[in-house]
Undergrad: 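Have a look at the structure that comes next, please.
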Amino acid sequence: NTLNDLTRKLKPAIDRLADSTNGYLEDTDSRRRGDELRDATKDLDRLVDEVLAAIMPTANKPTGKSPGNLTPAELQRMADEVKRAATKVEDKYKTNAPQETVRDAEDTAQKAADFGEAVKERAAASRNPELKRELENAVASLDRARDDVIHRTNAQVANPNSSQAGRDLE
């Protein structure tokens with residue numbers, strides 16, 4: 001599995017860093033040895049980040065993609081997709097691996113972001129100022145809910161035994 005592969009790479013990376021450090025300390029004026037030390041440090045740093053991501057993944061906030069000016073029926077279909085995706089996160093986080101929970105949360109957040117962009121387009125196209133204001137308020141609420149899904153998922157993945165983090169995600 002990925003974590004085993006990554007941890008097997010740690011010892012050689014640490015050894016390379018030690019060798020590079022010793023080489024640099026023998027000749028601190030050498031540009032080549034300085035570059036080797038910098039590269040070894042960056043490689044180990046990247047590898048540690050990969051190990052941490054494998055152990056404790058985090059969900060990231062997506063950017064919505066505008067699907068164009070949709071009909072009310074198409075907007076309803078998108079809204080239903082967001083609801084289904086959110087329900088999947090709520091229903092499965094207890095039994096899913098953290099990586100799956102993060103993927104499900106990111107999928108939910110992406111669908112919500114895309115839906116938000118569609119509603120923004122609908123608001124921009126509206127000639128009714130009251131409807132426009134309502135749609136813009138709905139988008140703001142949707143953005144907060146999307147950010148909440150990401151934040152609460154990350155809190156639950158970071159603290160899987162916390163009943164409060166689980167309740168917050170539900």
Side-chain angles (χ1 to χ4, degrees), residues 1-14 17 39-124 132-170:
N1 85 29
T2 303
L3 187 56
N4 286 338
D5 294 339
L6 290 171
T7 53
R8 266 188 236 120
K9 293 177 184 178
L10 276 175
K11 178 149 178 22
I14 292 168
L17 178 62
D39 292 345
T41 302
K42 284 182 179 179
D43 288 347
L44 182 59
D45 188 45
R46 178 193 47 77
L47 189 56
V48 168
D49 286 345
E50 289 178 31
V51 169
L52 288 175
I55 293 170
M56 192 172 68
T58 57
N60 297 301
K61 180 179 170 182
T63 302
K65 298 176 205 110
S66 175
N69 196 4
L70 301 178
T71 67
E74 291 167 321
L75 286 171
Q76 183 62 53
R77 180 189 50 77
M78 288 183 82
D80 291 343
E81 287 178 13
V82 172
K83 290 176 189 177
R84 276 192 297 277
T87 299
K88 183 177 178 183
V89 172
E90 291 173 10
D91 290 348
K92 295 192 172 193
Y93 81 89
K94 290 179 184 175
T95 57
N96 277 353
Q99 292 85 351
E100 293 171 288
T101 300
V102 165
R103 272 194 302 274
D104 290 347
E106 286 180 333
D107 180 57
T108 300
Q110 184 65 61
K111 284 177 169 58
D114 292 345
F115 179 58
E117 288 300 313
V119 173
K120 276 183 199 173
E121 290 226 357
R122 190 77 175 174
K132 185 175 194 157
R133 189 173 46 257
E134 277 187 47
L135 291 174
E136 288 168 347
N137 289 338
V139 168
S141 294
L142 185 62
D143 286 347
R144 284 189 299 276
R146 178 201 61 215
D147 292 348
D148 248 12
V149 166
I150 295 297
H151 173 74
R152 291 171 189 231
T153 296
N154 288 337
Q156 195 280 324
V157 168
N159 301 297
N161 296 323
S162 167
S163 57
Q164 183 62 48
R167 282 192 302 275
D168 287 348
L169 188 56
E170 293 173 358

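One is the number of the first residue; the rest follow in order along the sequence. All figures in this text were calculated on a predicted structure; none of them were measured in a lab.
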Undergrad: Is the backbone N or O of Val102 less than 3.5 Å from a side-chain atom of Thr153, with the two atoms forming a donor-acceptor pair by type?
TA: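 Side chain of Thr153 to backbone of Val102, a donor-acceptor pair under 3.5 Å: no, none is there.
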Undergrad: Using every non-hydrogen atom in the two residues, find where Glu136 and Ala123 come nearest and quote the distance to one decimal.
TA: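 Smallest heavy-atom distance, with atoms named: CG-CB, 4.2 Å.
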Undergrad: Looking only at heavy atoms, what is the nearest atom pair of Ala118 and Leu70, with distance?
TA: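 Result for this residue pair: CB-CD1, 3.9 Å.
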Undergrad: Return all side-chain donor-acceptor pairs below 3.5 angstrom for residues 74-83, not counting sequence neighbours, or 'none' if the list is empty.
TA:
from: Glu74; atom 1: OE1; to: Thr71; atom 2: N; distance (Å): 2.8
from: Glu74; atom 1: OE1; to: Thr71; atom 2: OG1; distance (Å): 3.2
from: Gln76; atom 1: NE2; to: Asp80; atom 2: OD1; distance (Å): 2.9
from: Arg77; atom 1: NH1; to: Glu81; atom 2: OE2; distance (Å): 2.8

Undergrad: Answer yes when Lys42 and Asp39 have at least one side-chain N-carboxylate O distance shorter than 4.0 Å, and no when they do not.
TA: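 Judged by the 4.0 Å cut-off on N to carboxylate O distance, Lys42 and Asp39 do not form a salt bridge.
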Undergrad: To the nearest 0.5 Å, how far apart are CG in Leu142 and CD in Glu117?
TA: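 Leu142 atom CG to Glu117 atom CD measures 10.0 Å (nearest 0.5 Å).
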Undergrad: Return a table of donor-acceptor pairs under 3.5 angstrom between the side chains of residues 44-63 and protein atoms on other chains or two or more places apart.
TA:
from: Arg46; atom 1: NH1; to: Glu50; atom 2: OE2; distance (Å): 2.6

Undergrad: Do you know which two heavy atoms are closest between Val157 and Pro98, and how far apart they sit?
TA: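 It is CG1-CB, 3.8 Å.
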Undergrad: Of all residues at least two apart in sequence or in a different chain, which pass the side chain to side chain donor-acceptor pair (under 3.5 Å) check with Asp114?
TA: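 Only Gln110 meet the side chain to side chain donor-acceptor pair (under 3.5 Å) criterion with Asp114.
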Undergrad: Is it true that Asp147 and Arg144 have a side-chain N and a carboxylate O under 4.0 angstrom from each other?
TA: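 Answer for the salt bridge query: no.
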Undergrad: Would you please test Asp107 and Arg103 for salt bridge (charged side-chain N to carboxylate O under 4.0 Å, His left out) and show each step?
TA: CA-CA 6 Å; Asp107 180 57; Arg103 272 194 302 274; over 6 Å; no
Undergrad: Please report the C-alpha distance between Asn154 and Ile150 in whole Å, then the side-chain angles of each, then the deciding distance to 0.1 Å, and finally whether the side chain to side chain contact (heavy atoms under 4.5 Å, CB included) criterion is met.
TA: CA-CA 6 Å; Asn154 288 337; Ile150 295 297; 3.8 Å; yes
Undergrad: I need the minimum non-hydrogen distance between Ala109 and Arg146, along with the two atoms involved.
TA: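 Looking at all heavy atoms of both residues, the shortest contact is O-CD, 3.5 Å.
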Undergrad: Starting at CG of Asn96, measure out to NZ of Lys88 and round the result to the nearest 0.5 Å.
TA: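 Going from the CG atom of Asn96 to the NZ atom of Lys88 covers 7.5 Å.
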